[in-house]
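Everything numeric here is computed off the predicted structure, so don't read it as measured data. Numbering starts at 1 and runs along the sequence shown.
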Amino acid sequence: MNLIRFGPPGSENPGVAMPDGSRLDTRAFGQDYDEDFFSSGGMARLAAWVEQHPNLPKVPDAARMGPPIMRPSKIVCVGLNYADHARESGLRPPDEPVLFFKASSAVCGPYDDVVLPGEKTDWEVELAVVISQRASRVTRQSAPNHIAGYLVHNDYSERAFQIERGGQWVKGKSADTFAPLGPFLVPRDAVSNPNNLRLWLSVNGRIMQDGSTSNFIFGVHFIISYISQFMTLLPGDVVSTGTPAGVGLGLKPPRYLQPGDIVELGIEGLGNQRQIARAQYLSTTL
């Protein structure tokens with residue numbers, strides 16, 4: 001049973017995707033997928049409740065799919081976590097994880113349009129982890145106990161903002177629609193090894209990224225432990241684990257998204273996403 005949310009942006013309703021492919025409306029459970037849900041053992045409680053209610057209403061086929069969790073308190077991202085991506089970026093693989101934030105206002109659904117705020121918007125398929133319980137200074141061995149599940153994240157980046165405007169990466173990572181999540185949250189126990197999943201991304205049908213999390217520099221459990229040494233991760237927070245080679249910045253010459261481009265991506269066992277690029281170039285004059 002995977003978690004989904006459906007409905008108009010900002011007014012999504014909770015649901016579940018069942019193994020037979022059906023999608024069920026769980027509003028009657030009385031709780032959306034927020035910090036309180038995860039911290040109170042919501043996934044186990046919801047699974048038991050669904051089993052006790054076999055006649056739940058189905059989600060309409062035409063319903064928009066939203067992000068499968070409510071807006072998290074924070075999105076913590078790991079940069080340069082694949083050696084091949086570090087090389088294509090002209091950078092040395094890091095000795096410790098490179099961390100940056102992505103604004104939670106960037107979160108959107110897996111099939112929503114991506115709005116281009118500049119002329120150098122890039123793609124990055126990533127495995128994301130959702131936190132299940134408060135994590136502060138946890139060990140690598142105990143890190144799995146703090147994971148609710150996994151989902152697909154396209155870590156869109158406006159390279160002009162990130163590289164050419166000074167300061168920290170967060171400026172290039174946080175535009176509206178720059179964090180599509182989903183289509184669903186897969187529970188931790190349903191993923192046998194998060195450090196060995198194929199992930200891929202195509203633009204207009206051409207494969208641009210085709211990698212595996214087996215090529216992580218820093219594995220999932222180390223990342224959770226590492227981040228928790230510097231900040232407390234709260235239930236529902238998202239940790240995005242980095243992208244493999246094949247981003248537009250690494251091409252020669254670089255290739256960035258144009259209005260009308262179709263971006264498709266997925267991770268083994270976690271589902272697929274699809275976005276269409278839409279122009280909304282903003283003035284950079286202050």
Any heavy-atom pair between the side chains of [Y] and [X] that's under 4.5 Å?
X: Leu3; Y: Leu151; value: no
X: Val98; Y: Val78; value: no
X: Leu185; Y: Phe38; value: yes
X: Glu264; Y: Asn272; value: no
X: Val263; Y: Leu257; value: yes
X: Val130; Y: Ile147; value: no
X: Val152; Y: Leu181; value: no
X: Ile207; Y: Trp200; value: yes

Can you tell whether the side chains of [X] and [Y] come within less than 4.0 Å, N to carboxylate O?
X: Asp122; Y: Arg255; answer: no
X: Arg92; Y: Asp95; answer: yes
X: Asp32; Y: Arg5; answer: yes
X: Glu35; Y: Arg71; answer: no

What pair of heavy atoms forms the shortest contact from [X] to [Y], and how long is it?
X: Val220; Y: Asn195; value: N-OD1, 3.0 Å
X: Pro194; Y: Tyr150; value: CG-OH, 3.4 Å
X: Pro110; Y: Pro183; value: CG-CA, 3.6 Å
X: Gln31; Y: Pro14; value: O-CG, 3.9 Å
X: Asn145; Y: Arg188; value: CA-NH1, 3.5 Å
X: Pro235; Y: Ser132; value: CB-O, 3.6 Å

Evaluation steps, side chain to side chain contact (heavy atoms under 4.5 Å, CB included), between Glu124 and Lys173: CA-CA 11 Å; Glu124 297 187 24; Lys173 299 285 188 171; 3.1 Å; yes
Flag for [Y]-[X]: side-chain donor and acceptor within less than 3.5 Å:
X: Ser240; Y: Asp155; result: no
X: Tyr33; Y: Thr26; result: yes
X: His85; Y: Thr243; result: no
X: Asn154; Y: Gln275; result: yes
X: Ser40; Y: Arg45; result: yes

Enclosure of Asp20 CG (heavy-atom neighbours >12, cutoff 6.0 Å): yes
Neighbour count >12 (heavy atoms, 6.0 Å) for atom CD, Gln229: yes
Keeping the roles fixed (side chain from [X], backbone from [Y]), state whether a donor-acceptor pair exists under 3.5 Å.
X: Ser228; Y: Arg137; answer: yes
X: Gln273; Y: Pro180; answer: yes
X: Asn81; Y: Thr241; answer: yes
X: Trp123; Y: Leu265; answer: no
X: Thr139; Y: Ser142; answer: yes
X: Ser157; Y: Arg159; answer: no
X: Lys102; Y: Tyr156; answer: yes
X: Arg23; Y: Val16; answer: no
X: Glu268; Y: Arg198; answer: yes
X: Glu158; Y: Thr121; answer: yes

Approximate separation, where rounding is to 0.5 Å, of [X] [atom1] and [Y] [atom2]:
X: Asp25; Y: Ile4; atom1: CG; atom2: CD1; answer: 8.5 Å
X: Arg278; Y: Asp261; atom1: CZ; atom2: CG; answer: 14.5 Å
X: His153; Y: Leu199; atom1: NE2; atom2: CG; answer: 12.5 Å
X: Gln162; Y: Leu249; atom1: CD; atom2: CG; answer: 7.5 Å
X: Cys108; Y: Arg64; atom1: SG; atom2: CZ; answer: 7.5 Å
X: Ile276; Y: Asp112; atom1: CD1; atom2: CG; answer: 11.0 Å

Hydrophobic cluster membership, [X] vs [Y], 4.5 Å side-chain cutoff:
X: Phe101; Y: Leu233; value: yes
X: Val239; Y: Leu197; value: yes
X: Met208; Y: Leu116; value: yes
X: Ile75; Y: Phe161; value: no
X: Met43; Y: Met1; value: yes

Test side chain to side chain contact (heavy atoms under 4.5 Å, CB included) applied to Ile267 and Glu126, step by step: CA-CA 8 Å; Ile267 299 179; Glu126 303 199 2; over 6 Å; no
Inter- and intrachain pairs under ring pair (Phe, Tyr, Trp, His ring centres under 6.0 Å), touching residues 221-244, at least two apart: Phe218-Phe222, Phe222-Tyr226, Tyr226-Phe230
Parallel, tilted or perpendicular: rings of Phe37 and Phe29 (30°, 60°): perpendicular
Pair Phe216 and Tyr82, ring centroids less than 6.0 Å apart: yes
Test side chain to side chain contact (heavy atoms under 4.5 Å, CB included) applied to Val59 and Leu24, step by step: CA-CA 5 Å; Val59 175; Leu24 306 179; 5.7 Å; no
